[in-house]
Asks: 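Sharing a structure below in structure tokens format, with a few things to ask.
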Amino acid sequence: MQRRDAIKSLLGLSVVAGCSALPAFANLPQAQNDLLKLNAELFKKAKARNPNLIGFEGVTHNLHLQQLTIEGALPHDFRGAFYRNGPAVHQRNNQRYLHLFEGDGMIQQFSFTERGISHQGKFVQTAKYQKEQAANKFLFSGPDSKLQNSLSVNSPDAINTANTNVIPVNGELWALWEAGSATALDATSLATKGVVNLGKNTRFGNSLKGLPFSAHPKIDADGSIWNFGSTINGDIVLYHINKFGITQKVNLLQSGYRGGMLHDFLITQHHVLLILPSLERDKTDERFFGAIRFNKQQPMRVLVVDKNTLTLKREYQLDAGFVFHFGNAWEDATGTIRFDASLYPNIETLHYMSDLMRGVTSEAAPANTVLFKLHPNGTSDKQIIDGISEFPRVYDHLTGLQNNLLVTLSSVTSDVWSDSVRVVNVNNGKQDTFVYGEDFLVEEHVIFDKSQQEGNGYLVGTALHVPSKRTCVNIFKIGHVSDGPICRAWLPYTLPLGFHGNFMAV
């Protein structure tokens, strides 16, 4: 009892502070509300001039189940469901959020059966979404968007948007946010079941309710789930959960990191890797995302955590940088740890997502794939792979083990969003790339393979075709990505551009 009380008491206040402040914001000046209205007006005018902004407009209702029109042939061994998550409500009652990360989550489901390809999309019925949907207006201040008369926030899950990722767990889906609980969904109907209590049926009881649970869990080959949750005061919660969704171990790491944004992490066979970017927060700025600054004098820190005890084992320092997403990590017989990162030279991309919300497509420094080695003697080195890189993925069965191939999005012509997908051989740098072209805005592609043989299987991912205002789902044969999709299915409308997803095979 004392242990879980300690975890809860250490994290309780800091978790809420990291999501949104507790007061109701009743004393904020009217100018704060006017910013959201101005954002809506600016976006509307900009969209009339720039059709690429259609992917950030959002939708207002669920998307009913329908069969899609197919180009090419659906492979006979491609069966299952592809799920994606992302923010889809950006605006209500002439007010528009100030940051892309603030919108309510919507799950897209593409089902692949002998009858063809079907799609449906449903909003995650969080407490926040249901209240604001009924009121037809924003009721709660967000991380950056502050309302004059916001309802008070007494727990992180009061403003949980469940908008970043979706993973299969023990036959159901978990929709994931950054700062609060996972939300369980029915994998077939997408009906919301409710907030996941990570302490249920364990010695932790209700002590884990509302604690931060990142949107990037790592899943071992045996189905074990590893995750972290980051708070604004530098405390990091570490989780080990079995394949049935039952929490096995929890520990608290006091990292001293105050940068605010810690989005992803890595595992090897024996360790958890927490890579703390070169960020700090401007305490004079009341926003959360908007207050994050890059400090080029601040090294990135790599915390190497023992998986058995969830305690810190050692620390490395790397050159200053920022990473949203990592692909994979592994360690060899000498103890050398290797990992890849889509590494940015600054934090411009985070603030670019604020610009997008008012219709501005500003320039932001892109990421490159960088391969790092952490040597047992405390030194490190790195190798840069040519080309812009984001949303890296590896074969599921190789998570934490040696991988030779890395899937990423890239950009060849577009200055708005990704326009390409590629498979990179991390040993020799060779790339197998398909460029959708400047008319497409391309989203994360994931690997589907039943053979557990690297180099086999398929890629599947979505792309928005701007001229026709339609989203398509695309299937590529790995090894022949540059040949283009072997199968493509079209929706009759635009899906909001989202973030992450996964495939659940039949």
Side-chain angles (χ1 to χ4, degrees), residues 218 264 266-268 273 275 277 300 302 316 318-334 336-346 349 364-375 379-415 417-437 440 442-449 452-461 474 476-485:
K218 304 302 177 189
D264 198 359
L266 291 159
I267 62 171
T268 70
L273 304 183
I275 295 92
M300 288 196 297
V302 182
Y316 292 82
L318 304 174
D319 292 340
F322 170 70
V323 180
F324 271 122
H325 302 116
F326 303 95
N328 193 36
W330 59 280
E331 49 195 299
D332 63 25
T334 70
T336 298
I337 296 174
R338 305 161 191 257
F339 69 91
D340 69 87
S342 290
L343 180 69
Y344 291 90
N346 53 43
T349 292
N368 297 102
T369 293
V370 179
L371 308 178
F372 288 93
K373 290 182 184 178
L374 307 178
H375 300 287
T379 63
S380 64
D381 53 61
K382 63 184 180 182
Q383 174 190 352
I384 300 174
I385 300 291
D386 289 339
I388 293 173
S389 166
E390 249 304 354
F391 296 97
R393 302 290 296 237
V394 299
Y395 282 74
D396 289 343
H397 73 281
L398 294 178
T399 299
L401 304 175
Q402 181 177 358
N403 64 289
N404 301 299
L405 301 179
L406 180 71
V407 175
T408 83
L409 296 188
S410 191
S411 185
V412 176
T413 60
S414 176
D415 57 0
W417 209 248
S418 299
D419 65 12
S420 312
V421 62
R422 63 181 184 167
V423 178
V424 180
N425 186 313
V426 296
N427 300 314
N428 57 29
K430 290 184 178 179
Q431 303 183 24
D432 184 12
T433 303
F434 177 75
V435 180
Y436 280 82
F440 286 86
V442 181
E443 300 181 281
E444 180 186 58
H445 285 46
V446 306
I447 299 167
F448 168 62
D449 171 56
Q452 296 198 348
Q453 294 292 320
E454 193 177 26
N456 289 349
Y458 305 92
L459 288 183
V460 57
N474 308 273
F476 297 81
K477 182 66 176 173
I478 293 179
H480 302 277
V481 171
S482 60
D483 294 341

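Atoms considered below: every heavy atom in the structure, side chains included; atoms not considered: hydrogens, waters and symmetry mates.
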Asks: Answer whether the closest heavy-atom distance between the side chains of Ile337 and Leu273 falls below 4.5 Å.
Replies: yes
Asks: Looking only at heavy atoms, what is the nearest atom pair of Leu374 and Ser380, with distance?
Replies: CD2-CB, 3.9 Å
Asks: Can you check whether Val407 reaches Val421 side chain to side chain, under 4.5 Å on heavy atoms?
Replies: yes
Asks: Is the shortest heavy-atom distance from the side chain of Ser482 to the side chain of Phe434 under 4.5 Å?
Replies: no
Asks: Give the minimum heavy-atom separation between Ser420 and Val412, together with the two atoms involved.
Replies: OG-CG2, 3.5 Å
Asks: Ignoring hydrogens, what is the shortest heavy-atom contact between Gln453 and Tyr395? Give both atom names and the distance.
Replies: O-CE2, 3.9 Å
Asks: Got a second to check how far Ile447's CD1 is from Asn456's CG, nearest 0.5 Å?
Replies: 11.5 Å
Asks: Can you tell if the side chain of Tyr436 reaches within under 4.5 Å of the side chain of Asn474, non-hydrogen atoms only?
Replies: yes
Asks: Keeping the roles fixed (side chain from Glu454, backbone from Leu405), state whether a donor-acceptor pair exists under 3.5 Å.
Replies: yes
Asks: Does one side chain, of Asn404 or Asn427, offer a donor that lies under 3.5 Å from an acceptor on the other?
Replies: yes
Asks: Please examine the side chains of Val460 and Val446, heavy atoms only from C-beta on, and report whether any two atoms are closer than 4.5 Å.
Replies: yes
Asks: Are the side chain of Asp264 and the backbone N or O of Phe326 linked by a donor-acceptor pair below 3.5 Å?
Replies: yes
Asks: Are Val426 and Ile385 side-chain neighbours, meaning at least one heavy-atom pair lies under 4.5 Å?
Replies: no
Asks: Check His325 against Pro392 and note the closest heavy-atom contact, atom names and distance.
Replies: CB-CD, 3.6 Å
Asks: Under 3.5 Å, side chain of Ser410 to main-chain N/O of Ile388, donor-acceptor pair present?
Replies: yes
Asks: Looking only at the side chains, is there a donor atom on one of Thr413 and Asp419 sitting less than 3.5 Å from an acceptor on the other?
Replies: yes
Asks: Should Lys382 and Leu318 count as side-chain neighbours, where that means a heavy-atom distance under 4.5 Å?
Replies: no
Asks: Specify the closest pair of heavy atoms between Gly327 and Leu266, including all atoms of both residues, with the distance to one decimal.
Replies: C-CD2, 4.1 Å
Asks: With Thr336, which residues qualify under side chain to side chain contact (heavy atoms under 4.5 Å, CB included), at least two apart?
Replies: Asp332, Thr334, Arg338, Lys373, His375, Pro376
Asks: Donor-acceptor pair, His445 side chain versus Leu459 backbone, under 3.5 Å?
Replies: no
Asks: In Å and rounded to the nearest 0.5 Å, what is the CG to OG distance from Leu409 to Ser342?
Replies: 9.0 Å
Asks: Any side-chain to backbone donor/acceptor pair from Asn368 onto Asp386? Under 3.5 Å, distance only.
Replies: no
Asks: Judged by atom type as modelled, is there a donor-acceptor pair below 3.5 Å linking the side chain of Asn328 to the main-chain atoms of Leu398?
Replies: yes
Asks: How far does CE of Met300 sit from OH of Tyr316, to the nearest 0.5 angstrom?
Replies: 14.5 Å
Asks: Please confirm whether the backbone N or O of Val423 pairs with a side-chain atom of Asp432, one donor and one acceptor, at under 3.5 Å?
Replies: no
Asks: Rounded to the nearest 0.5 Å, how far apart are OG of Ser389 and CZ of Arg422?
Replies: 5.0 Å
Asks: List the atom of Leu401, the atom of His397, and the distance in Å for their closest heavy-atom pair.
Replies: CD1-O, 3.7 Å
